[in-house]
Amino acid sequence: MLDIKLIREQADFVRQRLATRGAGDESHIDEALRWDEQRRKLLGEVEELKASRNRVSKEIGVLMGKKEAAAAEAKKAETRDIGDKIATLDKQVAEAEASRDQILMRLPNLPHASVALGKSAEDNPVVRVHGEKPAHPFKPKDHVQICHHLKLIDFERGAKLSGSGFLLYTGWGARLERALIQFLLDLHIHEHHYTEVSPPYVINRECMFGVGQFPKFEDQAYAVREGNDASTLGKFYLLPTAEAPVANIHRDEVLAESQLPIRYVAYSPCFRAEAGAAGLGTRGMIRVHQFDKVELIKVVKPDQGYEELEKMVANAETVLQRLGLHYRVIQLCTGDMGFASAKTYDIEVWAPGQGSYLEVSSCSNCEDFQCRRMNLKMKTEDGDRVMPHLLNGSGTALARLFVALVETHQQADGSVLIPEPLRPYLRTDRIVP
RNA sequence: GGAGAGAUGGCUGAGUGGUCGAAAGCGACGGUUUGCUAAACCGUUAUACGAGUUAAAUCGUAUCGGGGGUUCGAAUCCCCCUCUCUCCGCCA
């Protein structure tokens with residue numbers, strides 16, 4: 001959520017920054033300001049009334065103490081109808097505030113000044129490229145073929161157990177997935193100094209609001225119901241990313257400056273309804289309803305947000321480097337960034353069988369946008385309360401990493417060579433039919 | 001699922017209708033004392049919103065788990081919800 005004070009004081013600046021996203025959000029600023037002004041006007045009125053009521057009530061208390069009942073009754077009559085006026089105004093204040101906040105909740109974050117201007121993914125600048133596309137001395141198969149051949153994933157039975165877009169990992173496939181999770185966690189824990197957390201996978205609405213998933217993207221979530229109790233629908237959701245619970249760990253808290261930076265790493269499956277993407281449009285495991293991910297979250301002092309973002313991207317890149325994969329880092333332009341983000345880097349790994357790059361990580365600094373939504377603050381050494389920066393990044397998503405891995409390291413004989421760092425976890429250097 | 005207990009400031013804990021935003025203790029911070037440390041003593045010690053100011057000061061309102069109600073007035077009375085704890089049942 002944007003700071004209403006910033007909007008009040010620098011409306012033009014906010015409008016201009018929002019406009020760079022190209023979604024027309026800046027058009028809602030005036031309405032938000034109108035409700036805000038309305039709220040403050042009514043608030044002034046009602047507070048004045050409350051002050052007078054408090055004054056008289058105190059006088060009544062004094063009179064009662066002096067046993068002057070008649071005088072007290074007279075005072076009571078005097079204030080009796082103030083209560084009704086207060087109730088009416090209170091309601092109007094609440095309505096104005098709700099109207100204002102409803103708009104604010106749907107406004108995306110302001111892009112950071114360093115973000116490239118652009119309309120769509122085509123305008124995203126490539127920041128750097130690591131390695132080169134592997135030159136297979138044969139026509140590389142795509143991961144669906146490889147998975148069939150090596151019996152890594154049973155797509156048909158996965159769909160039978162759940163539905164289209166759900167996977168059944170089998171044999172070496174299941175083991176490879178688990179090995180990757182373990183490898184990623186160990187890397188970030190031991191080499192990058194993140195603290196591991198394992199969050200609930202069923203989370204409440206507040207988490208979804210806090211990170212900005214709700215109210216705008218409510219249709220993308222899997223809602224959970226308790227048994228047959230329809231009234232529980234809307235309380236709990238399957239997490240779309242571990243960012244939702246983990247970023248909310250310190251919701252409604254005031255952190256001491258000395259506690260920062262906080263770095264969390266969490267493995268979790270991620271559930272995405274992908275409503276509107278009928279049939280998901282993609283073959284295999286590139287776009288699915290459930291996938292595994294290792295997520296990185298940081299809470300840092302505001303002046304360290306961008307420095308920490310660069311480090312986070314580097315942490316995610318290390319994953320791909322260790323696994324011997326070719327990738328590129330792109331920066332999302334203003335028109336392509338996510339709702340809560342002020343600056344985002346995507347990491348795209350090369351998948352030879354697809355002949356394209358796949359997004360396996362998205363690292364963002366959301367600045368104080370989410371902190372304001374979830375009321376997360378920090379107390380500086382001087383005793384001031386300020387909003388920290390909240391960062392999230394994939395470190396990395398698993399399904400697509402799996403794709404890139406088997407497609408990159410496939411051999412002419414149909415086997416898949418396992419990169420060195422994974423071998424201890426997998427207890428083999430090669431997956432053969 | 002059944003029965004019961006509880007939720008007050010950074011912490012412990014008093015407060016059952018009226019100067020209570022809230023005693024006391026602890027902690028923290030500032031000061032006095034001291035060669036230093038400790039102790040002792042004095043003082044300060046919540047947040048949000050709004051008004052105000054260049055910035056402060058200052059003023060107002062709200063906040064005692066959350067929401068609603070009764071009342072001139074609610075931490076205190078009533079209702080609903082959430083969470084925590086104890087016991088029983090069930091269960092990975």
Side-chain angles (χ1 to χ4, degrees), chain A residues 1-10 32-101 104-105 198 200-210 224 226-237 245 248-260 368 371-388:
Chain A
M1 188 153 75
L2 298 176
D3 186 358
I4 184 64
K5 286 177 189 156
L6 178 72
I7 299 177
R8 258 182 230 155
E9 287 158 20
Q10 300 184 54
L33 281 174
R34 270 199 299 280
W35 283 117
D36 181 54
E37 203 172 316
Q38 170 81 344
R39 170 181 172 272
R40 283 187 294 156
K41 178 174 154 271
L42 293 169
L43 194 62
E45 290 174 27
V46 75
E47 287 188 351
E48 208 168 300
L49 285 176
K50 283 178 180 175
S52 74
R53 181 180 69 183
N54 287 347
R55 219 177 301 121
V56 176
S57 287
K58 240 172 218 182
E59 287 165 15
I60 292 172
V62 173
L63 289 172
M64 302 282 277
K66 287 196 256 175
K67 309 270 188 223
E68 293 179 29
E73 284 305 323
K75 290 262 184 200
K76 280 191 198 179
E78 188 186 308
T79 28
R80 197 153 286 152
D81 60 327
I82 289 188
D84 295 336
K85 285 185 197 154
I86 289 175
T88 306
L89 279 170
D90 262 342
K91 211 171 154 194
Q92 289 174 348
V93 169
E95 281 165 7
E97 188 168 314
S99 301
R100 178 194 74 179
D101 289 346
L104 292 183
M105 284 298 250
S198 179
Y201 300 160
V202 175
I203 58 177
N204 57 31
R205 289 183 78 76
E206 286 73 19
C207 289
M208 300 292 262
F209 268 102
V224 172
E226 286 179 21
N228 292 322
D229 186 353
S231 73
T232 60
L233 202 60
K235 284 173 79 173
F236 299 111
Y237 297 83
N248 273 278
I249 287 176
H250 298 290
R251 159 153 42 100
D252 287 317
E253 290 183 20
V254 180
L255 301 169
E257 184 171 348
S258 59
Q259 286 176 268
L260 306 183
D368 57 10
C371 297
R372 194 165 291 110
R373 287 175 160 247
M374 64 176 75
N375 189 29
L376 167 58
K377 295 173 189 162
M378 61 169 275
K379 195 172 178 177
T380 65
E381 310 265 326
D382 303 328
D384 294 329
R385 274 146 207 271
V386 298
M387 299 277 176

Under 4.0 Å, counting only non-hydrogen atoms across every strand here, what does [X] touch: a base, just sugar-phosphate, or nothing?
| X | value |
| --- | --- |
| A:Lys377 | sugar-phosphate |
| A:Ser57 | base |
| A:Leu43 | sugar-phosphate |
| A:Lys50 | sugar-phosphate |

pair A:Gln92-A:Thr88: side-chain heavy atoms closer than 4.5 Å
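Yes - at least one pair of side-chain heavy atoms lies under 4.5 Å apart.
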Do the non-hydrogen side-chain atoms of A:Lys50 and A:Asp90 ever get within less than 4.5 Å of each other?
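A:Lys50 reaches A:Asp90 side chain to side chain.
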Please pick, from [options], the nucleotide with the shortest atom-to-atom distance to any side-chain atom of [X].
| X | options | answer |
| --- | --- | --- |
| A:Lys235 | B:rU61, B:rC49, B:rU82 | B:rU82 |
| A:Asn54 | B:rG60, B:rA62, B:rC72 | B:rA62 |
| A:Lys5 | B:rC49, B:rC72, B:rA62 | B:rC49 |
| A:Arg53 | B:rG18, B:rG73, B:rG60 | B:rG73 |
| A:Arg40 | B:rG60, B:rG50, B:rG18 | B:rG50 |
| A:Lys58 | B:rU19, B:rA62, B:rG60 | B:rU19 |

Name the residue closer to the 5' end of RNA chain B, choosing between A:Arg385 and A:Gly61 according to the nucleotide with the nearest heavy atom.
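Between the two, 5'-proximity favours A:Gly61.
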Judged by each residue's nearest nucleotide on RNA chain B, which is more toward the 5′ side, A:Ala77 or A:Met64?
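The 5'-side residue here is A:Met64.
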Return no unless some side-chain N or O of A:Arg8 is found under 4.0 Å from OP1 or OP2 of B:rG50.
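Yes, such a contact exists.
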P atom, B:rA38 versus B:rU32: distance in rounded Å?
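Looking at atom P only, B:rA38 and B:rU32 are 15 Å apart.
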Determine the Euclidean distance between corresponding P atoms of B:rU84 and B:rG69; express it in Å to zero decimal places.
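The answer is 28 Å between these two P atoms.
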Is it true that atom CD of A:Glu206 has more than 12 heavy atoms of other residues, nucleotides or ligands lying nearer than 6.0 Å?
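Yes, the 6.0 Å shell around CD holds more than 12 heavy atoms from other groups.
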Crowding at CD, A:Glu48 (>12 non-hydrogen neighbours, <6.0 Å)
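Counting neighbours around CD of A:Glu48, 12 or fewer heavy atoms of other residues, nucleotides or ligands fall under 6.0 Å, so no.
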Mind listing the closest non-hydrogen atom pair of A:Asp36 and A:Arg100 along with its distance?
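That closest heavy-atom pairing would be OD1-NH1, 2.9 Å.
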Looking at the base of B:rG60, is there any donor atom on it, or on the side chain of A:Glu47, that sits under 3.5 Å from an acceptor on the other one?
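Such a pair is found, so the answer is yes.
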Paired with [N] by Watson-Crick or G-U wobble geometry, both distances under 3.5 Å: which nucleotide is it?
| N | result |
| --- | --- |
| B:rU76 | none |
| B:rG60 | B:rC49 |
| B:rG43 | B:rC29 |

